[in-house]
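Labels below follow one simple rule: chain letters A, B, ... track the order of the sequence lines, proteins then strands, and each chain is numbered from 1.
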Amino acid sequence: MALLKDNKREKVTIIFAGDSGDGIQLTGFEFSNTTALFGNDLSTFPDFPAEIRAPQGTVSGVSGFKINFGSTEIFTPGGLADVLVAMNAAALKKNLSQLKKNSLIIANEAGFDARNLKLAGHIDAADPLKEQEAHHQVIKLDVTRLTREALKDSELSMKERDRSRNMFVLGFIYWLFHRELSHTEKFIAEKFKKNPEVANANITVLKAGYSYGITTESAYERINIEPASLPKGVYRNIVGNEGLSLGLVAAAQKSGLELFYGSYPITPATDILHHLARHKNFGVKTFQAEDEIAAATSVIGASFGGDLGITASSGPGIALKAEAIGLALMLELPMVIINVQRGGPSTGLPTKTEQADLFQAMYGRNGEAPLPVLAVSSPADSFSTAYEACKIAIEHMTPVMILSDGYIANGAEPWRFPKKADLEPIKTNFAKPIEEAYMPYKRDANGVRQWAIPGVAGLEHRLGGLEKEDITGNVSYEADNHEIMVKQRAAKVDNIANFIPLLKSDIEEGDLLILGWGSTYGSIKVAIDRLRSEGVLVGQAHLRHLNPFPKNLGEVLSKFKHVLIPEMNNGQLVQLIRAKYLVDAKGLNKIKGMPFLADEIVAGAMAVIKE
Amino acid sequence: MTTYTAKDFSTDQDVRWCPGCGDYSILKQVQTVMPELGIPKEDIVFISGIGCSSRFPYYMNTYGMHSIHGRATAVATGLKSSRPELSVWIITGDGDSLSIGGNHLIHLLRRNLDVNIMLFNNEIYGLTKGQYSPTSQMGKLTKSSPMGVIDHPFNPLTLALGADATFIARTMDRDPKHLREILLRTHNHKGSSFLEIYQNCNVFNDGAFTIFTDKKSKALETVFLEHGKPIVFGEGNTKGLALDCLTPKVVDVEEYGIDNLWVHDETDLTKANLLARMFDGPLNGVQFPRPFGVFYAVNRPCYEDLMTAQIKNAKELKGEGDLDAILGGKNTWEVK
């Protein structure tokens with residue numbers, strides 16, 4: 001392609017792709033961190049197979065990592081890519097359709113030998129790289145040979161030496177994009193501190209890749225992307241699941257409660273357990289339960305004992321927790337349940353993203369069982385969503401559901417993190433010993449009961465899943481009482497609308513409102529910009545609060561002629577909106593395990609307007 | 001400290017078990033034993049699952065939770081992990097703990113949380129009106145087994161031993177003195193105490209344990225274990241158990257000699273297994289009496305103590321958590 005010498009760009013999308021054992025995720029993640037530290041805005045999206053080691057060299061075994069970074073604000077991991085790093089023929093085959101015209105392909109030559117071509121399913125003898133030279137600029141790097149050469153004095157075995165191949169590619173990319181090696185060098189030294197020989201080998205190869213760029217400079221053109229002008233402040237890079245974890249720890253610290261986290265490993269929620277298990281010096285108790293049910297019920301026990309109880313899972317696990325969530329709701333104890341959604345139903349698509357558990361969050365329990373539902377819209381939004389969910393749970397004595405998804409869980413972006421002192425206070429509602437008998441279900445003006453925990457004399461009481469008598473909390477099967485209690489539990493949740501911010505649309509009125517929730521935020525934002533450049537009077541509003549809805553949602557909807565709701569499901573929020581507000585909202589649905597491309601939303605919006 | 005009487009542990013709630021249910025006796029003995037524990041009642045928590053016996057917490061004037069079916073053990077695990085200083089009692093039945101809640105039970109036992117599990121075994125589903133349970137005998141006719149049960153029953157004590165329980169014991173509703181004695185032992189054990197209580201369901205499974213409670217048969221059909229003492233039973237303790245290597249046998253005490261009898265050792269896992277196996281009918285052709293008492297009691301670190309120690313250790317190694325430090329992470333940059 002006609003890359004200019006030291007080609008200056010606003011933004012670039014790169015796909016790193018290779019075998020799931022090629023260290024692609026690590027390469028991508030390191031490139032992201034270095035790029036973040038350089039000052040670019042960015043968004044990433046890893047795409048890996050469900051199998052840890054899927055068949056080598058095959059298309060189904062390809063692991064990918066996409067990063068979109070630039071000197072302007074970035075809202076998505078990008079649509080079609082500008083650069084593809086293909087470690088083998090399968091990686092090229094899988095990602096060719098994801099490339100813009102005239103893009104740059106950086107290929108590991110050894111990954112295109114006869115064996116790899118066959119594994120990737122190239123039956124004819126044609127060289128796919130040669131074919132692509134007509135459409136793209138192809139840089140062939142003999143990574144294996146060059147890595148071995150760089151390590152010719154190493155004492156490591158050949159197999160171990162070959163393992164640092166990804167560092168050669170990373171070094172070369174760093175050269176190509178004017179990045180420094182220092183961050184990754186530090187990272188490698190730390191990661192392999194117990195094995196200095198391996199650390200040295202990786203650093204040597206990383207430098208070799210960079211030097212290769214310098215020595216062959218005449219052959220390739222470098223790409224220059226200036227730092228982005230983000231709002232002032234101190235930033236770090238954040239991955240969604242880590243952001244959630246930090247939000248939970250912060251809420252425990254600010255409320256003065258100890259954090260109890262009960263969970264059972266499940267993709268893509270497990271990383272929350274990994275993160276929290278590292279924070280034991282914050283008094284964080286992590287309990288890896290025998291199953292999803294024990295994870296949820298142990299949390300109820302801890303919450304009864306006065307801890308901030310949290311559990312997380314993905315759809316199948318949330319299904320198993322449903323009865324326990326109903327119990328927490330009946331006991332009116334604080335609890336936060338995180339659902340990092342993946343493709344469903346059943347086991348579904350464990351490593352792919354989807355938003356199809358909204359109905360499960362809203363209705364997935366027996367009986368009338370409403371609870372607050374919040375959704376995370378991006379990795380940088382995960383911290384404050386988790387924090388707010390804990391605040392609502394504690395201050396309103398209710399289980400709260402957070403919906404995240406695989407896209408947010410593993411995606412990364414810069415985050416302007418807060419200071420502990422600036423976080424909103426969280427008030428606990430503990431009962432104190434009183435003269436008269438403690439009434440477990442006596443409510444305050446907001447319908448919230450008090451939290452009495454074991455160890456306090458005079459407040460001994462019994463809770464349970466049987467219907468409670470109003471005020472006393474005694475078991476009651478009385479007909480009128482049941483109706484009163486059902487209404488009280490619902491009113492308590494509805495009343496939370498008085499404590500959450502009003503919904504803002506970015507323009508007040510117009511022809512079209514694109515209403516979203518969760519991880520579609522970035523794609524919608526980019527689509528809105530494109531639509532406006534084409535003269536469409538379009539507004540964006542994005543919901544964090546799905547139950548209760550912000551009080552002014554109906555009013556916001558009424559200011560637009562059309563309403564479009566893009567969702568990565570078969571139409572769930574759209575049903576809630578149509579039912580509640582009687583507006584003719586249209587759904588735009590993608591159920592492919594992949595986030596929306598902005599252009600798909602643009603097309604959907606155009607279709608609605610032209611109707 | 002306040003001294004309590006049994007009455008201090010009863011609540012104003014009407015007890016709603018069927019008249020004549022074995023649960024009444026167990027409730028009474030628990031309320032009688034509580035004052036002897038020397039624990040303030042606000043530090044005591046009863047947690048139950050679902051089933052007839054699981055109504056128990058409503059009748060105890062302590063903290064309590066009537067949770068969901070099979071999960072009392074998991075609720076208790078969370079509570080005890082977060083509040084190790086509390087005295088936590090789990091009330092469960094044969095269906096609740098061995099069927100729907102079997103998984104949590106074995107995991108609680110292997111973790112060895114310092115809690116007391118009271119399994120009310122009546123070999124039937126009472127609250128759902130008479131279906132067979134995982135402890136019902138083969139061939140038993142019930143509403144859901146009109147041609148007889150074809151599921152081999154669980155032996156609760158061997159199951160608990162298999163899950164590496166550190167304390168297993170058996171008692172019965174109709175022997176109040178023994179029940180109180182074993183409740184105290186259950187409480188005093190540091191670790192998961194697994195207590196099976198034979199409890200008569202006089203409506204759906206009346207007489208399931210009569211052979212062990214009836215004066216006419218009790219002497220020959222039961223044996224009461226005491227640590228460090230020869231195992232004897234029968235009218236006037238004329239019969240005893242002895243071991244031929246590791247094969248148990250029933251002997252005549254006078255003939256065999258009291259000094260040659262099997263001396264009960266609560267710390268011996270192999271022998272505890274032999275005693276727990278005196279359950280499935282004749283063993284090697286010999287019909288044995290059913291043992292009651294403490295079969296096995298050993299010490300092993302408790303989960304909540306290990307968890308607390310890890311947290312303490314982490315604080316010592318890394319210092320008390322600094323929220324601002326983890327919010328910022330290791331790599332930050334400033335946009336000016």
Side-chain angles (χ1 to χ4, degrees), chain A residues 33 36-37 39 183 229-238 246 249-250 253 258 260 262 279-285 287 289-291 293-294 297-307 309 323-324 327 331 417-420 454-466 474-475, chain B residues 11 13 40-48 50 55 57-58 60-83 85-86 103-104 106-107 307 310-311 313-321 323-324 326-336:
Chain A
N33 281 331
L37 287 171
H183 168 77
S229 50
L230 295 169
K232 279 181 194 169
V234 183
Y235 287 78
R236 62 171 290 184
N237 211 16
I238 190 80
L246 290 174
V249 176
Q253 293 268 305
E258 287 181 3
F260 181 94
H279 294 317
K280 288 203 159 78
N281 60 326
F282 287 81
V284 171
K285 297 161 214 168
F287 172 61
E290 56 272 22
D291 60 25
I293 298 170
T297 42
S298 65
V299 163
I300 292 172
S303 180
F304 183 62
D307 274 6
E323 189 192 10
L327 176 66
L331 303 181
F417 56 91
K419 287 262 174 224
K420 179 181 179 183
V456 183
L459 302 183
E460 293 88 353
H461 67 289
R462 276 65 55 193
L463 297 177
L466 287 171
N474 290 331
V475 174
Chain B
T11 65
Q13 300 296 295
K41 65 187 170 86
E42 63 269 21
D43 290 342
I44 301 172
V45 186
F46 278 81
I47 296 179
S48 63
I50 295 292
R55 295 299 181 91
Y58 289 123
M60 290 298 298
N61 189 15
T62 61
Y63 282 89
M65 189 196 295
H66 178 211
S67 77
I68 45 178
H69 206 10
R71 321 301 170 203
T73 30
V75 172
T77 297
L79 177 63
K80 186 70 182 177
S81 302
S82 63
R83 301 285 305 276
E85 76 280 12
L86 298 173
N103 195 28
H104 311 307
I106 56 178
H107 287 275
M307 183 184 254
Q310 274 197 346
I311 290 172
N313 195 15
K315 286 180 176 174
E316 279 166 12
L317 283 173
K318 299 206 236 168
E320 190 78 37
L323 184 60
D324 282 320
I326 60 165
L327 290 181
K330 284 182 185 156
N331 299 298
T332 63
W333 69 96
E334 190 171 359
V335 175
K336 288 177 184 160

Open item on the list: If the condition is side-chain contact (heavy atoms from CB on, under 4.5 Å), which residues does Gln310(B) pass it with, not counting sequence neighbours?
Closed with: Lys280(A)
Task: Mutual orientation of the aromatic rings belonging to Tyr235(A) and Trp333(B) [parallel < 30°, tilted 30-60°, perpendicular > 60°] - done: parallel
Open item on the list: Does any backbone or side-chain atom of Phe260(A) lie under 4.5 Å from a heavy atom of chain B? Answer side chain, backbone, both or neither.
Closed with: side chain
Task: Contact origin within Lys318(B) toward chain A - heavy atom pairs under 4.5 Å - done: both
TODO: Measure Glu323(A) against the heavy atoms of chain B and call it side chain, backbone, both or neither at under 4.5 Å.
DONE: both
Task: Value rounded to 0.5 Å, distance of CG in Asn103(B) from CG in Asp291(A) - done: 5.0 Å
Task: Region of Leu327(A) in contact with chain B, defined by heavy-atom distances below 4.5 Å - done: side chain
Task: Side chain, backbone, both or neither of Leu331(A) within contact of chain B (heavy atoms, under 4.5 Å) - done: side chain
Task: Test item: Arg236(A) side-chain N/O and Lys330(B) main-chain N/O as donor-acceptor pair under 3.5 Å - done: no
TODO: Spell out, as yes or no, whether a donor-acceptor pair under 3.5 Å connects the side chain of Asn281(A) to the backbone of Gly319(B).
DONE: yes
Open item on the list: Nearest 0.5 Å, please: how far is CG in Leu323(B) from NE2 in His279(A)?
Closed with: 9.5 Å
- [ ] Report the C-alpha distance between Glu334(B) and Val234(A) in whole Å, list the side-chain angles of each, state the deciding distance to 0.1 Å, and finish with yes or no for side-chain contact (heavy atoms from CB on, under 4.5 Å).
- [x] CA-CA 4 Å; Glu334(B) 190 171 359; Val234(A) 183; 4.1 Å; yes
Residues 64-77 of chain B side chain polar contacts: donor-acceptor under 3.5 Å, at least two apart:
residue	atom	partner	partner atom	Å
His66(B)	ND1	Tyr58(B)	OH	3.0
His66(B)	NE2	Gly49(B)	O	3.4
Ser67(B)	OG	Ser48(B)	O	2.8
His69(B)	ND1	Ile50(B)	O	3.3
His69(B)	ND1	Asp96(B)	OD1	2.8
Arg71(B)	NE	His69(B)	O	3.2
Arg71(B)	NH1	Ile100(B)	O	3.1
Arg71(B)	NH1	His104(B)	NE2	3.0
Thr77(B)	OG1	Thr73(B)	O	2.8

Task: Glu460(A) side, atom CD; Ile44(B) side, atom CD1 - distance, nearest 0.5 Å - done: 9.0 Å
Open item on the list: Less than 4.5 Å to any heavy atom of chain A: does that hold for the side chain of Thr332(B), its backbone, both, or neither?
Closed with: both
- [ ] Please round to the nearest 0.5 Å and tell me the distance separating atom NZ of Lys420(A) and atom CG of Leu327(B).
- [x] 9.5 Å
Task: Proximity breakdown for Glu320(B) and chain A, heavy-atom pairs closer than 4.5 Å - done: both
